[in-house]
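Below is one structure, written out as structure tokens, with a few remarks after it.
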Amino acid sequence: MVRCRRAARAGAGSRLPAALRRRSRPQGPIRRILQTISMAKRTIADVLGGAVDVGSEVTVQGWVRTRRDSKAGFSFVHISDGSCLKTLQVVAGNRLPNYASEILHLGSGCSLTVCGELVESRGRGQAVEIRATAVEVAGWVDDPDTYPISPKRHTFEFLREVAHLRPRTNTFGAIARVRHCLAKAMHDFFDSNGYLWIHTPIITGSDTEGAGELFRVSTLDAANLPRDSAGNPDYSGDFFGREAFLTVSGQLNVEAYCLALTRVYTFGPTFRAENSNTSRHLAEFWMIEPETAFADLDENASLAEALLKHLFRTVLEVRSEDMEFFERHVDRKAIQRLRAVVDQPFERMTYTEAVRILERARRRFRFPVQWGADLQSEHERYLTETHVGRPVIVTNYPKGIKAFYMRLDDGGETVAAMDVLAPGIGEIIGGSQREERLEVLDRRFLECGIDPAHYGWYRDLRRYGTVPHAGFGLGFERTISYVTGMANVRDVIPFPRTPGSAEF
RNA sequence: UCCUCAGUAGCUCAAUGGUAGAGCAUCCGGCUGUUAACCGGAGGGUUGUAGGUUCGAGUCCUACCUGAGGAGCCA
């Protein structure tokens with residue numbers, strides 16, 4: 001352990017919460033916290049952000065990015081610890097006992113504990129730096145020649161193959177911080193609007209929407225499946241005594257809580273076993289699904305708009321440094337795009353209006369525009385990228401192309417559905433007002449070829465004090481893609497799961 | 001799943017069917033309060049896999065594998 005005695009003395013008092021400081025002889029866990037704090041360990045974000053006075057002793061820990069030596073007898077070592085985009089410059093002089101033996105051999109990826117004095121930098125690139133009094137190497141890099149995260153440009157495709165090491169790059173560090181920021185902003189938004197976070201199950205017995213391929217959850221011996229008299233697999237002896245799957249959506253479950261607690265949402269992983277190979281699809285992805293009782297489609301759309309604006313506003317403010325990085329290195333329009341969304345109301349149009357716009361468009365589409373058919377990717381792109389230039393909310397789709405639970409509009413041809421389409425991404429939100437009338441719901445079950453008997457508990461919600469309610473699903477990775485300009489959702493989730501790929 | 005394109009050094013890419021090369025990274029040396037440092041040198045290859053055509057295949061053909069872009073499905 002590196003010794004920093006002056007730091008230990010200096011750090012003990014001032015930064016502690018008052019409640020901790022009052023105790024003269026703290027015991028147990030609090031004592032351990034004190035011991036940690038008394039080492040004056042600081043994150044690089046703290047040090048560069050002005051939380052540490054120039055002239056004071058600090059301990060910083062992190063991973064080497066670059067090293068440059070001066071024959072004047074010292075080396076510049078840049079270290080990073082993930083707390084912010086910037087690196088911290090450590091000046092290590094040849095009077096350090098391990099200068100020749102270790103410091104002169106440090107390379108990208110080595111982990112360090114550095115003790116020293118924070119001083120004003122004599123160089124140009126940074127305001128402050130650490131003049132090291134001790135540098136302890138925690139871990140060396142086994143084979144620098146083949147260490148994948150060498151200090152050079154890498155393609156995202158290559159970094160995907162080393163997903164366990166890619167958080168060490170600027171880009172993936174920034175993505176992780178932005179992802180965290182968006183998740184926190186989302187929870188803050190709902191909390192301040194009176195929404196409760198409901199932890200809906202990951203394992204589900206119902207095949208939710210009847211749409212989308214499911215991952216089966218089973219403890220049966222796949223090589224020796226028990227079968228019933230008709231020769232079909234018999235799951236009665238399986239772990240749950242029935243078929244079970246990974247959830248494709250928490251919506252149906254959260255509706256149950258909505259119809260008691262009024263304002264609720266889920267946030268968690270969802271799973272689709274679809275063989276989709278695109279930059280916008282994952283087999284495992286995270287979804288935000290609010291559900292509001294006594295709300296109609298309009299209120300639902302307003303909630304979606306308010307949520308997105310809050311997310312974008314927050315990330316621009318809280319993670320401005322990372323956003324500037326994305327603007328410089330990933331997508332020149334990253335910041336400008338978010339500002340435009342925050343500053344202007346969302347465009348709203350019905351499906352019928354959208355079809356009219358597409359029919360009038362001076363553009364030849366590969367797929368014909370026809371009322372009743374679902375909008376193709378090229379149609380959505382035209383609407384959001386060419387016609388509006390910002391996200392657009394399309395509502396009231398034909399019932400034939402939407403799910404059974406969406407509320408049938410007066411006229412009986414369309415349902416109270418809404419999609420939010422974003423430039424470059426396509427559908428970022430899908431939602432609807434839910435069908436709260438039991439007899440209409442039952443009719444829709446039949447039209448969609450679903451056996452209502454499988455939805456007994458869901459029907460109960462309409463039998464016992466039903467109310468109009470509405471909700472939507474926001475794809476978290478697509479949102480992060482939109483925010484950062486990262487073109488592939490596989491790069492905004494730490495360990496992407498896609499068909500044929502579950503490494504790490 | 002379908003269509004298109006691509007797999008050559010750790011990475012990014014060259015190489016008319018005829019001796020596999022560069023830049024970056026790495027290592028060594030030089031220089032410098034340096035900062036995507038700079039200058040010099042060195043090491044580094046079963047050309048995705050398996051077949052085939054040919055005197056000769058990184059290059060042409062077939063199959064497969066992997067990746068990317070687009071489509072469908074969707075968030």
Side-chain angles (χ1 to χ4, degrees), chain A residues 65-78 86-93 104-105 107-109 119-126 129 131 141-162 165 169-170 209 211-213 248-251 269-289 304 328-329 366-367 374-378 380-381 401-403 419-422 425-431 472-482 487-493 498-501 503:
Chain A
R65 284 292 180 76
T66 59
R67 186 196 92 234
R68 288 174 297 277
D69 307 316
S70 167
K71 274 297 173 293
F74 45 88
S75 296
F76 302 99
V77 183
H78 279 228
K86 289 201 181 80
T87 55
L88 178 64
Q89 176 158 286
V90 174
V91 183
L104 281 181
H105 300 285
S108 204
V119 297
E120 278 177 24
S121 178
R122 287 164 58 190
R124 287 247 176 88
Q126 57 284 315
E129 64 196 17
R131 191 180 296 147
V141 167
D142 194 49
D143 178 9
D145 191 44
T146 57
Y147 177 56
I149 313 298
S150 52
K152 70 179 286 294
R153 278 197 162 277
H154 295 291
T155 61
F156 295 141
E157 290 81 6
F158 167 69
L159 290 171
R160 234 169 266 157
E161 294 170 13
V162 286
L165 298 173
T169 64
N170 285 329
E209 306 177 22
E213 297 292 316
V248 298
S249 158
Q251 180 201 317
T270 49
F271 307 87
R272 306 277 166 92
E274 277 144 16
N275 195 3
S276 303
N277 293 290
T278 80
S279 58
R280 308 177 302 283
H281 290 86
L282 294 164
E284 177 183 280
F285 65 100
W286 288 61
M287 193 151 59
I288 298 158
E289 297 177 283
R328 262 197 320 276
H329 292 112
R366 256 188 72 213
F367 293 90
D374 210 353
L375 300 178
Q376 304 288 318
S377 280
E378 54 174 347
E380 295 183 349
R381 294 182 79 105
I401 57 174
K402 288 295 180 181
D419 284 357
V420 178
L421 311 176
I425 310 269
E427 186 179 340
I428 194 169
I429 284 179
F472 60 83
L474 169 63
F476 194 46
E477 283 73 22
R478 288 185 183 178
T479 305
I480 303 169
S481 266
Y482 187 71
N488 196 317
V489 290
R490 290 164 194 160
D491 296 326
V492 300
I493 191 167
T498 51
S501 173
E503 270 298 315

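In what follows, every heavy atom counts, from backbone to side chain, and hydrogens, waters and symmetry copies are set aside. Just so we're on the same page: letters track the sequence lines, and every chain starts at 1.
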Ignoring the backbone of [X], work out which of [options] is nearest its side chain.
X      : options             : result
A/D69  : B/U12, B/C73, B/U32 : B/U32
A/T66  : B/A37, B/U34, B/U35 : B/A37
A/V91  : B/G33, B/A68, B/A71 : B/G33
A/S279 : B/U12, B/U35, B/G70 : B/G70
A/R160 : B/U35, B/A71, B/G67 : B/G67
A/H281 : B/A75, B/U32, B/G67 : B/A75
A/R280 : B/G72, B/C73, B/U32 : B/C73

Legend entry - Atom pair CD/CZ of A/E378 and A/F367 - distance to nearest 0.5 Å: 6.5 Å
Inset, instruction - Evaluate the side-chain contact (heavy atoms from CB on, under 4.5 Å) criterion for residues A/I288 and A/F476: first the C-alpha distance (whole Å), next the side-chain angles of each, then the deciding distance (0.1 Å), finally the verdict. - result: CA-CA 7 Å; A/I288 298 158; A/F476 194 46; 3.8 Å; yes
Classify the nucleic acid contact of [X] as base, sugar-phosphate or nothing, counting any heavy atom under 4.0 Å across all strands shown.
X      : answer
A/L282 : base
A/R490 : sugar-phosphate
A/F158 : sugar-phosphate
A/G123 : base

Under 4.0 Å between a side-chain N/O of [X] and OP1 or OP2 of [N], yes or no?
X      : N     : answer
A/S276 : B/G72 : no
A/N275 : B/G72 : no
A/R366 : B/G72 : no
A/Q376 : B/G72 : yes
A/T278 : B/C73 : no

Inset, instruction - Mark up nucleotides 21-28 of chain B, 5' to 3', with B wherever a protein heavy atom is under 4.0 angstrom from a base atom, S wherever such an atom reaches only the sugar-phosphate, and - elsewhere. - result: ---BBBSS
Test for a donor-acceptor pair under 3.5 Å between the base of [N] and the side chain of [X], counting only N and O atoms.
X      : N     : value
A/H154 : B/C11 : no
A/E129 : B/G33 : yes
A/R68  : B/C31 : no

With a 4.5 Å cut-off on side-chain heavy atoms, are [Y] and [X] touching?
X      : Y      : value
A/V248 : A/T270 : no
A/R478 : A/H281 : yes
A/R490 : A/T498 : yes

Can you give me the closest heavy-atom contact between [X] and [Y], atom names plus distance?
X      : Y      : value
A/I149 : A/T169 : CG2-CG2, 3.8 Å
A/E427 : A/E380 : N-OE1, 4.0 Å
A/F74  : A/V91  : CD1-CG1, 4.2 Å
A/I425 : A/S481 : CD1-CB, 3.5 Å

Without decimals, in angstroms, what is the distance between [X] [atom1] and [N] [atom2]?
X      : N     : atom1 : atom2 : value
A/R272 : B/A75 : CZ    : C1'   : 6 Å
A/E120 : B/G33 : CD    : C1'   : 15 Å
A/L421 : B/C74 : CG    : C1'   : 12 Å
A/D374 : B/C74 : CG    : P     : 7 Å
A/E161 : B/G10 : CD    : P     : 13 Å
A/E157 : B/A68 : CD    : P     : 7 Å
A/R381 : B/A71 : CZ    : C1'   : 12 Å

Using the [atom1] atom in both, what is the distance from [N] to [M], to the nearest Å?
N     : M     : atom1 : answer
B/G58 : B/A20 : C1'   : 8 Å
B/U16 : B/G29 : P     : 39 Å
B/A15 : B/U8  : P     : 14 Å
B/A14 : B/G7  : P     : 7 Å
B/U32 : B/C39 : C1'   : 11 Å
B/G52 : B/G17 : C1'   : 16 Å
B/C13 : B/U53 : C1'   : 29 Å
B/G44 : B/C27 : C1'   : 11 Å

Legend entry - Residue met sooner reading RNA chain B from 5', once A/F74 and A/I401 are mapped to nucleotides: A/F74
Legend entry - Earlier contact from the 5' end, RNA chain B, for A/Q126 and A/G500: A/Q126
Legend entry - Ion pair check, A/R67 and A/D69, cut-off under 4.0 Å: yes
Legend entry - More than 12 heavy atoms from other groups under 6.0 Å of CG on A/D142: no
Legend entry - Heavy atoms of other groups near A/R328 CZ, more than 12 under 6.0 Å: yes
Legend entry - Under the 3.5 Å Watson-Crick or G-U criterion, the dot-bracket string of RNA chain B, with | for inter-strand pairs: (((((((..((((....[..)))).(((((.......))))).....(((((..]....))))))))))))....
Legend entry - Side-chain (A/R65) to main-chain (A/G109) donor-acceptor, under 3.5 angstrom: no
